[in-house]
Amino acid sequence: MKDIADSFGVAACGLVTSVLTALAVVVVSRMVGFDFFTFSIWIVIPVGAILTGFAAASGYYFGSLYFHKRAGLSLLLQMVVIAGLTQLLIYYMGYSTFVLDDGRRVSDFIPFSQYLDIILTSAHYRIGRAMKDTGEVGSFGYWLAAFQFVGFLVGGLSVFGFLSTKPVCQTCNLYLRPLFKREKSFPDADSASPYYDALFQHPVDGPEFAALIRTETKAKDQKGAVLVKTVLHGCPKCKSQLIEEKVQVHNGSEWKDADKLNRRVTIPDGVNLLSVFRP
């Protein structure tokens with residue numbers, strides 16, 4: 001019964017953010033005359049739809065964490081269905097709130113299906129730096145709507161991807177909570193190796209491990225610099241803990257993830273590292 005209730009809770013969170021996102025798209029379009037949802041790069045790259053899908057699916061992310069509902073096939077199917085309904089809702093909200101200059105509502109004299117055909121086939125897009133008008137897109141407008149649906153899905157599925165990578169307690173099947181985070185930066189890989197290579201060579205409940213975790217190191221943001229982010233996670237139920245380390249390398253202009261160096265280490269039962277990580 002709890003599992004069903006949690007599923008409904010997550011679905012409700014996703015539905016709320018989807019409706020609010022659709023409403024925001026329509027309101028902004030009415031206020032400034034710019035339809036963010038249809039914004040594309042070179043017509044076929046639906047940037048607006050991707051970002052809209054990400055915003056709409058944010059409810060699934062926070063709902064899943066709150067109810068501890070792991071990302072699975074049922075959640076994936078929900079997101080696909082809601083994505084289609086949200087896109088349809090954006091069109092329908094535009095239809096139901098469209099008022100002509102003479103005060104008449106479009107919904108009073110044409111059906112929704114006809115309205116949808118008109119806005120899809122008579123849409124104009126601008127491309128290039130000169131913002132050249134493409135003219136009416138005609139039947140290609142249906143293909144553009146399909147591209148936008150795919151973009152919406154991509155935005156939503158990125159949220160699903162984030163959820164899929166969250167650390168989980170294998171015993172309780174609950175998302176782990178971040179308890180403390182420490183960051184260390186080193187001027188280069190050679191100076192980072194003594195810390196990274198040696199950390200888990202020591203018992204996690206020993207003084208050597210604690211000393212390495214507590215050591216403060218700070219280097220300039222320069223090419224070749226290494227940043228190590230160490231997070232202590234804990235299960236809200238059984239209190240088991242896990243350490244997650246993510247490594248980034250500076251390329252001269254920004255930090256880039258070094259995914260192959262990322263690692264997660266489960267802490268033995270009965271060991272509490274709060275005092276080690278706590279400032």
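All of these numbers come straight from a predicted model, not from anything done at the bench.
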* Structure fact -> Here the gap from K260 atom NZ to N262 atom CG, rounded to the nearest 0.5 Å, amounts to 12.0 Å
* Asked: Does the K229 side chain pair with the main chain of K184, one donor and one acceptor, at a distance under 3.5 Å?
  -> no
* **side chain to side chain donor-acceptor pair (under 3.5 Å) partners of R30, counting only residues at least two apart** => T97
* Asked: Within a strict 4.5 Å, meaning less than it, do heavy atoms of the Y195 and F186 side chains meet?
  -> yes
* **Check against salt bridge (Lys or Arg N to Asp or Glu O under 4.0 Å), E216 and R182** => CA-CA 9 Å; E216 299 289 342; R182 286 185 173 259; 3.1 Å; yes
* To do: Determine whether more than 12 heavy atoms belonging to other residues, nucleotides or ligands lie under 6.0 Å from atom CG of D269.
  => no
* **Side chain proximity check, P236 to Y175, heavy atoms < 4.5 angstrom** => no
* To do: Measure the shortest side-chain to side-chain distance between V168 and L176 over non-hydrogen atoms and say whether it is less than 4.5 angstrom.
  => no
* To do: Can you see which heavy atom on F54 is nearest to which on S158, and at what distance?
  => CD1-OG, 3.2 Å
* Would you mind reporting whether Y61 and L163 have side-chain heavy atoms less than 4.5 Å apart? => yes
* Asked: If two hydrophobic side chains count as joined below 4.5 Å and joins carry through other members, does Y196 share a cluster with I267?
  -> yes
* Hey, is CZ on F180 packed in by over 12 heavy atoms from elsewhere, all under 6.0 Å? -> yes
* Asked: Would you say the side chain of L20 lies within less than 4.5 Å of the side chain of S18, judging by non-hydrogen atoms?
  -> no
* Verify salt bridge (Lys or Arg N to Asp or Glu O under 4.0 Å) between K181 and E183, making sure each step is shown before the conclusion. => CA-CA 7 Å; K181 180 173 74 172; E183 291 188 1; 3.8 Å; yes
* Could you state whether L23 and L51 fall into the same hydrophobic cluster, counting links through intermediate Ile, Leu, Val, Met, Phe, Trp or Tyr residues with side-chain heavy atoms under 4.5 angstrom apart? => yes
* Can you find a heavy atom in the side chain of V204 that is under 4.5 Å from one in the side chain of P268? -> yes
* Report the distance from atom NZ of K237 to atom SG of C172, rounding to the nearest 0.5 Å. => 5.5 Å
* Evaluate the side-chain proximity of F209 to L273: yes if any heavy-atom separation is below 4.5 Å, no if none is. => yes
* **T17 side-chain N/O to A57 backbone N/O, donor-acceptor pair under 3.5 Å** => no
* To do: Tell me yes or no: between the side chains of Q222 and H250, is some donor less than 3.5 Å from an acceptor?
  => no
* If you count the non-hydrogen atoms of other residues, nucleotides and ligands that lie under 6.0 Å from CZ in F112, is the total more than 12? -> yes
* Has the side chain of R264 got a donor or acceptor atom that lies under 3.5 Å from a matching backbone atom of E245? -> no
* Asked: For the hydrophobic clusters of this structure (ILVMFWY residues joined by side-chain heavy atoms under 4.5 Å, transitively), does one cluster hold both F147 and I50?
  -> no
* Asked: Can you name the one residue among E244, R177, K166 that meets side chain to side chain donor-acceptor pair (under 3.5 Å) with H233?
  -> E244
* A219 versus P187, closest heavy-atom pair with distance -> CB-N, 3.4 Å
* **From D221 atom CG to L227 atom CG, the distance as rounded to the nearest 0.5 Å** => 8.0 Å
* Are Q241 and N272 close enough that a side-chain donor and a side-chain acceptor fall under 3.5 Å? -> yes
* Minimum side-chain heavy-atom gap L89-L85 below 4.5 Å -> no
* To do: Validate the cation-pi geometry between R263 and F200: distance from NZ or CZ to the six-membered ring centre under 6.0 Å, angle to the ring axis within 45°.
  => no
* Asked: When you check the side-chain N and O atoms of S191 and D188, is any donor under 3.5 Å from an acceptor?
  -> yes
* Asked: Taking the six-membered ring for Trp, is the centroid-to-centroid distance between F152 and F149 below 6.0 Å?
  -> no
* Give, for atom NZ of K239 and atom CG of L274, the distance between the pair rounded to the nearest 0.5 Å. => 9.5 Å
* **E254 bridged to K256 by N-O distance under 4.0 Å** => yes
